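Predicted model only: the values in this text are computed from it and were never measured. The sequence lines fix the lettering, A, B, ..., with proteins before strands; numbering per chain opens at 1.
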4 protein chains.
Amino acid sequence: MAPLNENQLNQKKAERKEQIMRAALKVFADNGVKLTKISMIAKEAKVSHGLVYHYFDSKDEILYESIEWGTEENRATQVFNDLNESGKSPLEKIKAFTQFAFSESDRWVTQSVFRIMQHLNETNGLPDHINELVNNAGQFYIEALSPIFREGQKFGEIIQGDTEELLGIYLTVLSGIMADDPSFWKENTEWKVEILSRMISAR
Amino acid sequence: MAPLNENQLNQKKAERKEQIMRAALKVFADNGVKLTKISMIAKEAKVSHGLVYHYFDSKDEILYESIEWGTEENRATQVFNDLNESGKSPLEKIKAFTQFAFSESDRWVTQSVFRIMQHLNETNGLPDHINELVNNAGQFYIEALSPIFREGQKFGEIIQGDTEELLGIYLTVLSGIMADDPSFWKENTEWKVEILSRMISAR
Amino acid sequence: MAPLNENQLNQKKAERKEQIMRAALKVFADNGVKLTKISMIAKEAKVSHGLVYHYFDSKDEILYESIEWGTEENRATQVFNDLNESGKSPLEKIKAFTQFAFSESDRWVTQSVFRIMQHLNETNGLPDHINELVNNAGQFYIEALSPIFREGQKFGEIIQGDTEELLGIYLTVLSGIMADDPSFWKENTEWKVEILSRMISAR
Amino acid sequence: MAPLNENQLNQKKAERKEQIMRAALKVFADNGVKLTKISMIAKEAKVSHGLVYHYFDSKDEILYESIEWGTEENRATQVFNDLNESGKSPLEKIKAFTQFAFSESDRWVTQSVFRIMQHLNETNGLPDHINELVNNAGQFYIEALSPIFREGQKFGEIIQGDTEELLGIYLTVLSGIMADDPSFWKENTEWKVEILSRMISAR
DNA sequence: CATGAATGAGCTTTCATTCAT
DNA sequence: AATGAATGAAAGCTCATTCAT
């Protein structure tokens, strides 16, 4: 049979890469970059380790492309778009984001990126372009949440103080929790979200 | 010089072991267990890696004994004894503990154990006796803080709800933060402690 | 379009194989057998690596068939036929052959085989049938040049001594040089040929 | 028992390194750098592959240090010192050097370096410092032989022409031959040396 | 026929652990 | 007791070879 045409090929190739990147994000998020073995990614993606190298040049490359893919407009931004169009109050929006961060939805990709960043912040000796990407990804959340925090402070719904710093603390707490056993968070999520939001709510 | 007598020998041996365990706790806390190499512990303790194996049977054994040593009554409990004799209110005690957890005091041993537990919670495939020890060490903090929380709830100083769960959330948040770049917490510590305590304070 | 008939098919198939064998000879000659990757041959032949395996069973097989093809009567012999009909003196013939060996003519196939043999002489662990072929190919040059050397000795144009051994030395020198950067030989070729011929010229 | 003192340690360490470098030079010379596996060096040196990495950081490092060690004053220069003090005529010196180059003496180290350089000249993609070392090592032979060639030309014992180029051809021929099966050269060495020297002798 | 996806053996390198001194 | 030499399992990556399309 004749080979597939170019579109079909690209389609298939993209799907395969995505399959591997999904697996990579999951495993990187669970184990941290250094402790993640290619074999673990391969197993998670149900392919041979050789195939992983057919699509990616190196472990660093997998990490880079996976984070890049995981933070692409149409995925991560979606969450914030939904949020901004929801008509909720700033604090409600932050609670919703917190809820989302812990939810096991199909939006776990965003969550994984979040957790990987947590791991990477502790890691030294990564290539520059990876560090840059991680910083950018972190910046993304800051930029998306910053206006919400600011508005909340204006309305007196959120406590006063340096917005950036307050946001930084909140995100650190979130990412720190995610690094723990996520299953712990399955129960009573609403109450936990409520408690976390108390850190910043003015009352 | 005449050879040391048996007591002196044991004394010396114990000192050496302690020297290595101190180093181990520090390095384990900074890097996580898996990423800590024996050579890193040896370097931190200023001994050869061979000597480490003279005193300990394996890496797991170092971890086990180090945590055990770090949680022994006369060390970790000290912190809580001081707290309980301070005459502070429950919430103030919790703030003081939080403060301590982030402080770079000479009581870093307790802190290290805390951070190692954080790393270990993410790790699979550890020997059973290590897991048990980690759980015990976690239990130690829970048991020490539990009465304080309970008292705070009785006084209406701390929000209502399942005490164990509330404490669990609080500890998870703390250990999660510690896994982040600790230098971030050097600045503005008091404000940050204040914010964290807002999670549980009744107001 | 109607399918090709059997002759046309065989014709096409033969052309494809030749295309690959030409590429293989070139790449093998430049890099040595072990360091030549299938992908390099495929790229040189402008086909996919999969197609290479459609026509050949293995890398060894490519090597075998390529050398065989490259030493077939109607190709390699041509050089010596031309030489023998040239009316030159034996020493002149040898100089001409030497010249040819270094020239970048379209007769590079013969040259490549020559260089591959050089590489292979150093290699252990090749299948027997390959070793035999290499020996045969070496023998081919010896048989073609032997009468010329012998005649030169009879005429006193070439120094006395065991003809086979003298020829062996000369060929070893030539193939040794070829393994070097061939570009070095681009300049001053005639002088270099002259110097090499001095080894055997009686003067 | 107490550990060895520093001198003894350095002594032992140096001997071990030398043992490995000897093995490395031999194997590199026989197989070329790319095709030499660490396991081959380890086997030749009769040590584990792990130990090789105890003394050297990488394969490139082994290559670098081995060539460096093999070209150190007290080894390679010795040959030329002996030659210059021998009172031989220039052409006789060159024959002696040629003889030496093929001899299986304990001076094979120099010979190995010679052969490795031959292999390396064909190789691309080596680190800069290795390339530099190889060039230097090549330069070493050129500088040692250059005055001898020049003198021979002055005396009319060696043919006229660009000295450097003539020397270059001669060295290329020698190294080319060495890359061949050296056992071939075991027999009739004197005659072969005689023939090679004819390339440059004025007669 | 033609492509490139897919696999796994094998190589370089790291590091826990053992052992000679 | 103390050092660091020595070993080998395991991980990242390459590439010959097979196979689905």
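No donor-acceptor contact under 3.5 angstrom links the side chains of Glu15(A) and Gln19(A), judged on distance only.
Between Gly50(C) and Val47(A), the residue whose closest nucleotide on DNA chain E is further toward the 5' end is Gly50(C). Taking for each of Ser58(B) and Lys59(D) the nucleotide of DNA chain E with the nearest heavy atom, the 5'-most of the two is the partner of Lys59(D). Comparing Lys46(D) and Asp60(C) along DNA chain F, the residue whose closest nucleotide (by nearest heavy atom) sits nearer the 5' end is Lys46(D).
To the nearest angstrom, P of dC11(E) lies 8 Å from NZ of Lys34(C). The nearest whole Å value for the distance from the CD atom in Glu15(B) to the C1' atom in dA1(F) is 14 Å. Atom CG of Asp57(C) and atom C1' of dT18(F) are 12 Å apart (whole Å). Taking atom NZ of Lys37(C) as the reference point, atom C1' of dC11(E) lies 12 Å away to the nearest angstrom. Rounding to whole angstrom units, CD1 of residue Ile62(B) and P of dC15(E) are separated by 15 Å. Regarding Tyr55(B), its OH atom lies at a distance of 19 Å from the P atom of dT17(E), rounded to whole Å. Rounded to an integer number of Å, the gap from Lys13(D) NZ to dT3(F) P is 15 Å. Taking atom CD of Glu61(A) as the reference point, atom P of dT14(F) lies 12 Å away to the nearest angstrom.
Distances shorter than 4.0 Å separate some side-chain N or O of Tyr53(C) from OP1 or OP2 on dT17(F). Between Arg16(D) and dG4(F), a side-chain N or O to OP1/OP2 separation shorter than 4.0 Å is absent. Contact between the side-chain N/O atoms of His54(A) and the OP1/OP2 oxygens of dA5(E) is found at a separation under 4.0 Å.
Partner assigned to dT13(E) is dA10(F), using Watson-Crick or G-U wobble distances below 3.5 angstrom. Across all strands shown, the partner of dA20(E) is dT3(F), judged by Watson-Crick or G-U wobble contacts whose two distances both fall under 3.5 Å.
Across all strands, Phe56(B) comes closer than 4.0 Å to no nucleic acid atom at all (heavy-atom distances). Among the heavy atoms of the strands lying under 4.0 Å from Ile38(A) are primed sugar atoms or P, OP1, OP2 only; no base atom is included.
In this structure, the side chains of Ile62(C) and Phe28(C) come closer than 4.5 Å at one or more pairs of heavy atoms. Within the 4.5 Å cutoff, the side chain of Lys26(C) has no heavy atoms near those of the Ile41(C) side chain. Contact check for Arg16(A) versus Lys13(A): no side-chain heavy atoms found under the 4.5 Å cut-off.
If you run salt bridge (Lys or Arg N to Asp or Glu O under 4.0 Å) between Glu65(A) and each of Arg22(A), Lys59(A), Lys17(A), only Lys17(A) comes through.
Taking only side-chain atoms of Leu51(B), from C-beta outward, the nucleotide of dA1(F), dA5(E), dT13(E) with the closest atom is dA1(F).
No hydrogens or angles were tested; on distance alone, a donor-acceptor pair under 3.5 Å links the side chain of His49(B) to the base of dA5(F).
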